[in-house]
Amino acid sequence: MRKEKISSAVIRRLPRYYRHLDDLERGGTVRISSGALAKSMGLTASQIRQDLSCFGGFGQQGYGYNVERLKSEVAEILGMNRDHTALILGVGNLGRALIENFPFRAYGFRLSAAIDVDPALVGTRLSGVPIHHIDMLEDILREESADMAVLTVPASAAVDSALRLVRCGVKGIWNFTNVELAQREMPDVRVENVHFSDSLLTLSYMISEEQS
């Protein structure tokens, strides 16, 4: 039985478990012990057991984990089998790259529409995804609600766009605008702020430390 309170640290490790188990399965591994899984992931066996125990028992003592089954269980926990619907706001360089290259379907999301203001884009399709004008946002979401919106609009439009999405009933926002959307200001929506600069500057720090 899933516990009511799961720490954010555990939740953020789950995608890493899924990715690693997928690699193991593709490599032909059928089962793996918690110790071997921990070693390959740079974690401890007790950490893995504690994380997975938040959602039930998946391994067998003396046998370990069936890789295919554990991957499937983690995918279910992450909601990858629920056929979430998504739309994307902003079909600039980043928005276009995500539409054309990111495998939304592989992670349980169906990208149903894209929104932009460029008349050269509106009315066209990109990788099969129809592009609509921003003025149609409410009508589109009234016809087919979206579980998640990908926000790739300019920073100046980030907050207003997010609030429009909230009013339309969107449940989650994957925010690439480099503007920190505060969860407290949007309590009914889950927000994941993505800052490429954070990762780059973390790497910069580590390089600098080694060189000092």
Side-chain angles (χ1 to χ4, degrees), residues 1-86 98 101-111 147-151 170-176 180-184 186-210:
M1 181 67 68
R2 181 172 175 169
K3 297 179 181 178
E4 291 184 7
K5 298 280 187 177
I6 307 295
S7 76
S8 60
V10 172
I11 294 170
R12 290 189 179 279
R13 279 193 291 271
L14 287 176
R16 187 180 172 203
Y17 286 131
Y18 178 84
R19 177 163 38 86
H20 197 75
L21 290 164
D22 186 54
D23 288 342
L24 288 171
E25 185 181 24
R26 290 174 184 273
T29 302
V30 176
R31 67 183 177 92
I32 191 169
S33 67
S34 58
L37 182 59
K39 184 177 181 180
S40 65
M41 294 185 66
L43 300 172
T44 65
S46 61
Q47 181 70 76
I48 289 176
R49 288 193 293 268
Q50 287 173 18
D51 286 354
L52 296 179
S53 70
C54 294
F55 306 95
F58 302 111
Q60 298 177 19
Q61 190 170 4
Y63 177 84
Y65 300 108
N66 178 287
V67 170
E68 182 182 9
R69 177 174 177 268
L70 183 58
K71 174 190 165 185
S72 177
E73 294 282 1
V74 172
E76 184 173 350
I77 292 167
L78 288 169
M80 293 173 64
N81 59 347
R82 297 184 183 180
D83 193 29
H84 298 300
T85 303
L98 288 170
N101 300 295
F102 189 79
F104 286 94
R105 277 285 191 182
Y107 297 105
F109 286 87
R110 178 173 59 85
L111 192 57
D147 299 301
M148 186 270 286
V150 185
L151 202 57
V170 169
K171 300 174 184 176
I173 298 175
W174 199 19
N175 173 32
F176 289 89
E180 191 80 8
L181 297 178
Q183 186 70 66
R184 65 180 178 277
M186 304 175 188
D188 298 325
V189 169
R190 298 300 180 187
V191 178
E192 183 69 15
N193 295 300
V194 180
H195 297 285
F196 293 123
S197 59
D198 289 6
S199 180
L200 178 61
L201 292 175
T202 299
L203 180 60
S204 174
Y205 169 82
M206 292 187 290
I207 294 173
S208 300
E209 279 293 293
E210 291 181 358

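Quick caveat: nothing in here was measured; it's all calculated off a predicted structure.
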Checklist entry - Do Thr29 and Glu25 have side chains that get closer than 4.5 Å, going by heavy atoms? => result no

Item to check | Check: Gly79 main-chain N/O paired with His84 side-chain donor or acceptor under 3.5 Å | outcome: yes

Next on the checklist: Is there a side-chain contact between Leu78 and Tyr107 in this structure, where contact means two heavy atoms from C-beta onward sitting under 4.5 Å apart?
Outcome noted: no

Next on the checklist: Atom CZ of residue position Phe104 - does it have more than 12 heavy atoms of other residues, nucleotides or ligands inside 6.0 Å?
Outcome noted: yes

Checklist entry - How far apart are the C-alpha atoms of Glu76 and Lys71, what are their side-chain angles, what is the distance that settles it, and do they pass the salt bridge (Lys or Arg N to Asp or Glu O under 4.0 Å) test? => result CA-CA 9 Å; Glu76 184 173 350; Lys71 174 190 165 185; over 6 Å; no

Checklist entry - Does a side-chain heavy-atom distance below 4.5 Å link Val194 with Asn175? => result no

Checklist entry - Are Arg19 and Asp23 close enough, and set up right, to give a salt bridge (Lys or Arg N to Asp or Glu O under 4.0 Å), and what steps lead you there? => result CA-CA 6 Å; Arg19 177 163 38 86; Asp23 288 342; 5.7 Å; no

Checklist entry - Aromatic rings Phe196 and Phe176: how do their planes relate, parallel, tilted or perpendicular, breaks at 30° and 60°? => result tilted

Next on the checklist: I'd like to check Leu37 versus Leu43 (side-chain heavy atoms, cut-off strictly below 4.5 Å). Are they in contact?
Outcome noted: no

Checklist entry - Does a side-chain heavy-atom distance below 4.5 Å link Ile48 with Tyr65? => result yes

Checklist entry - Does atom CZ of Arg110 have more than 12 heavy-atom neighbours from other groups under 6.0 Å away? => result yes

Checklist entry - Under a 4.5 Å cut-off applied to non-hydrogen side-chain atoms, are Val67 and Val30 in contact? => result no

Item to check | Trp174 ring center near Phe109 ring center (under 6.0 Å) | outcome: no

Checklist entry - How about Glu180 and Val191: do any of their side-chain heavy atoms sit closer than 4.5 Å? => result no

Checklist entry - With side chains defined as the heavy atoms from C-beta onward, is the minimum distance between Ile173 and Arg190 less than 4.5 Å? => result no

